[in-house]
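Worksheet for the structure shown next.
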Amino acid sequence: MTWKRTHNCGELTAENTGEEIILNGWVSTRRDLGGVIFIDLRDRYGITQIVFNETDKELHEKAEQLRGEYVIGVKGMVEERDEENVNPELYTGDIEITVTDLQIYAKAETPPFEIKEDIATGEEIRLTYRYLDLRRPDLQRNMILRSDFYQSVRSFYHERDFVEVETPVLMKSTPEGARDYLVPSRVNPGKFFALPQSPQTYKQLLMVSGYDRYFQIVKCFRDEDLRADRQPEFTQIDVEMSFVDEDAVMSSTEDLMQKLMKETIGEDIEPSFKRMTYEEAMKTYGTDKPDTRFGLEFADFSELVEDSEFKIFSGTVEKGGAVLGITVPGQGSMGRGAIDRLTERVQDETGAGGLIYIKLNEEDGVKCSVEKFLKEETVEAMVEKADAAMGDLVLILAGPSPDVYHQMSKLRLMMGEEHNLINEDEFDFLWVTDFPLVKWSREEQRYQALHHPFTAPYQEDVDKLEEDPVSVRSRAYDLVLNGYEIGGGSIRIHDRELQKRMFSLLGIDEEEAEERFGFLLEAFKYGAPPHGGIALGVDRIIMILSGGNSLRDVIAFPKNQKAQSLMDNSPDYVDQEQLDELHIRLKRGVGPEHE
RNA sequence: GGUCCGGUAGUUCAGCUGGUUAGAACGCCUGCCUGUCACGCAGGAGGUCGCGAGUUCGAAUCUCGUCCGGAUCGCCA
């Protein structure tokens, strides 16, 4: 029989002294001193020390059998510890339980890794035994943080009259964008559903239906290759609002983030985030999701060196490339060996051709690695432009645009991390706005939507839609936190004619548009309100709040880099009968017999 | 799909210029121990060196292939 617990393992204090209590939990560690046995009893609330004395022979013998991860129940008395025995590390450290009765609910084999914080065990094993990994306090904290997060999100939107609507998980495939996960339909031979990459079209339809404030915490799916910050299924806070402009969406998102930070990790933040245009972000940081917790902004030397004798510089600028620098404070005395290693690393990790530097230190003065090719005043001008002072190091990359911006962006992050320029306790929110509406895809020889095909262009740029599409700015905005893109949204097109022009710009002809998005265009005939919204990446946000750097630590049952679940061995082959029922035949050379 | 790194005890790793019986730490097991909380002390068990082939008198070590894992680029509207 299971003893009903009176308390959990994380709540008893000296105030409970003398009480008869019952605890249930897992044996965390045992310290058998012979005459007395101490057990740390663990549940998700904490740890309580329980004690077996030799006074009860039978009980003591039973306690000797206890091993790690046994699941037990104990009856006993709360006793205050003597002052010298208090454990200040534990919330329950002022007391211990003198056990009067013990029940072993389940024995346990020795787990493949220890159930404690900060283990070094590799991910493959942790994922295979995920249920044990999830028993560890670090992951339990993350899961509980995540649960608190959900509650805050729901109450925030509920209080503001948002309606939570569930949209279908089985939907129409839209080949635009990421690859879809497909689901065959048994009752419709040869036809497939797709799992949503996001409920984009549904939430716009809900606006047409008059639910002027919608939100949903929703699973989304993308069949693309994984990264540390990318899983094939992930959770979004999906939001859409009618009769709003950018500021309304952004300011409500700021309020949400303020509440979330407060209620999940007790952090106070200003609900008014910095803003930067896409162009500025790219020019200053070389990325649309800059980590603005530290400086090291780019200095553009291109104009200063375009007539230089140094071919690498002048040649690059002539071909339309750029010469960029960043100033690393306090590194002006970096030795030759260190710089050589850095150069190698930069070439390796960023793909840059080489690294040029200017060192400023008391010993050598201003020393440029290519000074014999440059006029002294050019070097001086570069130092000034880079805002470098004595003791600083200016790192310079030259190359074709936009590659060199990308490379410099990586170098900037590298330096930020290496020289501890990043305040790990800071939460630095940033809006990036005014994204280009489309980009030219060389592979596909057509324009692609940067955000998605329903994003509205700026009214004043609409005229350029046909002549100069790349220069058209969109009413899209991304939310960036500490260098991670944690959300993105836009004001949508609610005008059928403009939507048609957009499709045609993207090379989607009328017939195709009809076939793929006809229902949306049709819906827009019947009174579509102006609307816009945002989608926030729950997993990434929680990852940052938890102080971690892997999505896998905030998702209960994540996939590995090959999008497999090692614990239950999915995906897996299915029986021929199942395939037959679904009218599916595997390609030759594919299937279990070819393993 | 490309590139790079890795795979040795339950776990994390060392050993890798080929050479006796493959080591360490933690964990595990046994014994001793009444105030531990990373308990301590003494002892012990535990290995297909990912797999296959090759070179060699001899391979954890060198070569090739293969599988697995990770990082990264492509990809991710």
Side-chain angles (χ1 to χ4, degrees), chain A residues 28-42 47-55 60 64 67-69 79 81-90 92-93 96 98 108-129 132 174-180 197-198 200-201 220-232 234 345 348-351 403 406-407 410 435-439 441 443-444 446-455 474 476 485 488 490 502 506 508 516 535 537 549-550 552 560-564 566 595:
Chain A
S28 189
T29 57
R30 86 197 143 96
R31 293 177 291 278
D32 184 349
L33 275 62
V36 59
I37 300 171
F38 297 98
I39 302 270
D40 284 344
L41 193 64
R42 163 170 41 75
I47 283 180
T48 300
Q49 173 164 283
I50 61 176
V51 190
F52 296 88
N53 286 304
E54 223 168 8
T55 42
H60 189 265
E64 276 181 330
R67 291 294 180 272
E69 302 313 311
E79 295 202 32
R81 299 196 200 182
D82 294 339
E83 207 171 321
E84 68 267 27
N85 288 329
V86 163
N87 183 349
E89 303 279 303
L90 288 183
T92 62
E96 63 193 14
T98 302
E109 288 185 18
T110 304
F113 49 84
E114 292 178 72
I115 311 300
K116 62 175 192 184
E117 291 194 42
D118 297 326
I119 57 171
T121 307
E123 262 200 327
E124 194 180 354
I125 291 159
R126 290 173 49 201
L127 287 175
T128 306
Y129 299 93
L132 294 180
T174 51
E176 186 86 0
R179 274 183 278 267
D180 283 327
Q197 295 174 26
S198 88
Q200 184 62 36
T201 47
C220 302
F221 305 85
R222 287 175 194 177
D223 187 6
E224 296 293 345
D225 286 0
L226 281 64
R227 289 288 185 278
D229 65 347
R230 231 159 63 193
Q231 282 271 314
F234 56 99
R345 207 175 136 206
D348 254 23
E349 293 181 27
T350 75
D403 303 17
H406 186 63
Q407 291 157 0
K410 283 189 157 181
F435 282 78
L437 187 67
V438 296
K439 64 177 178 199
S441 164
E443 309 86 71
E444 297 187 40
R446 66 178 187 96
Y447 290 106
Q448 278 185 331
L450 210 74
H451 203 62
H452 57 59
F454 315 110
T455 301
S474 71
E485 182 198 328
S490 64
M502 184 67 187
L506 296 174
I508 304 173
R516 277 160 57 178
N549 51 20
S550 171
R552 293 168 197 168
N560 70 0
Q561 200 176 32
K562 274 202 171 162
Q564 299 161 329
L566 294 172
E595 286 275 286

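Throughout, protein chains are lettered first and strands after them, A, B, ... in sequence-line order, and every chain is numbered starting at 1. Excluded from the calculations below are hydrogen atoms, water molecules and symmetry mates; all remaining heavy atoms, backbone and side chain alike, are included.
Salt bridge A/D225/A/R230: absent, no basic N to carboxylate O contact under 4.0 Å.
Contact annotation for A/Q564: backbone-only contact, meaning every heavy-atom pair under 4.0 Å involves sugar-phosphate atoms and none involves a base. Heavy atoms of A/G68 sit nowhere under 4.0 angstrom from any nucleic acid atom. The residue A/N560 sits close only to the backbone: its heavy atoms come under 4.0 Å of sugar-phosphate atoms, none of a base. Across all strands, A/E54 comes closer than 4.0 Å to base atoms (heavy-atom distances). The residue A/K439 sits apart from the nucleic acid: no heavy atom pair falls under 4.0 Å.
Nucleotide B/rA53 forms a pair with B/rU63, judged by Watson-Crick or G-U wobble geometry with both contacts under 3.5 Å. Remark: B/rG31 base-pairs with B/rC41; criterion is Watson-Crick or G-U wobble with both hydrogen-bond distances under 3.5 Å. In this structure, B/rG69 and B/rC5 make a Watson-Crick or G-U wobble pair, each of the two defining distances being under 3.5 angstrom. With a 3.5 Å ceiling on both atom-pair distances, the Watson-Crick or G-U wobble partner of B/rU11 is B/rA25.
The side chain of A/Q49 sits closest to B/rU36 out of B/rC33, B/rU36, B/rC73. In this structure, the nucleotide among B/rC76, B/rU36, B/rU11 sitting nearest to the side chain of A/F38 is B/rU36.
The only member of A/R179, A/R222, A/H452, A/E224 that meets side-chain contact (heavy atoms from CB on, under 4.5 Å) when paired with A/Q197 is A/R222.
Distances shown here put every side-chain N or O of A/R81 at or beyond 4.0 Å from the OP1 or OP2 atom of B/rU36.
The nearest whole Å value for the distance from the CD atom in A/Q561 to the C1' atom in B/rC5 is 12 Å. The separation between A/E69 atom CD and B/rG10 atom P is 19 Å, rounded to whole Å.
Between the side chain of A/R227 and the base of B/rG74, a donor-acceptor pair under 3.5 Å is found.
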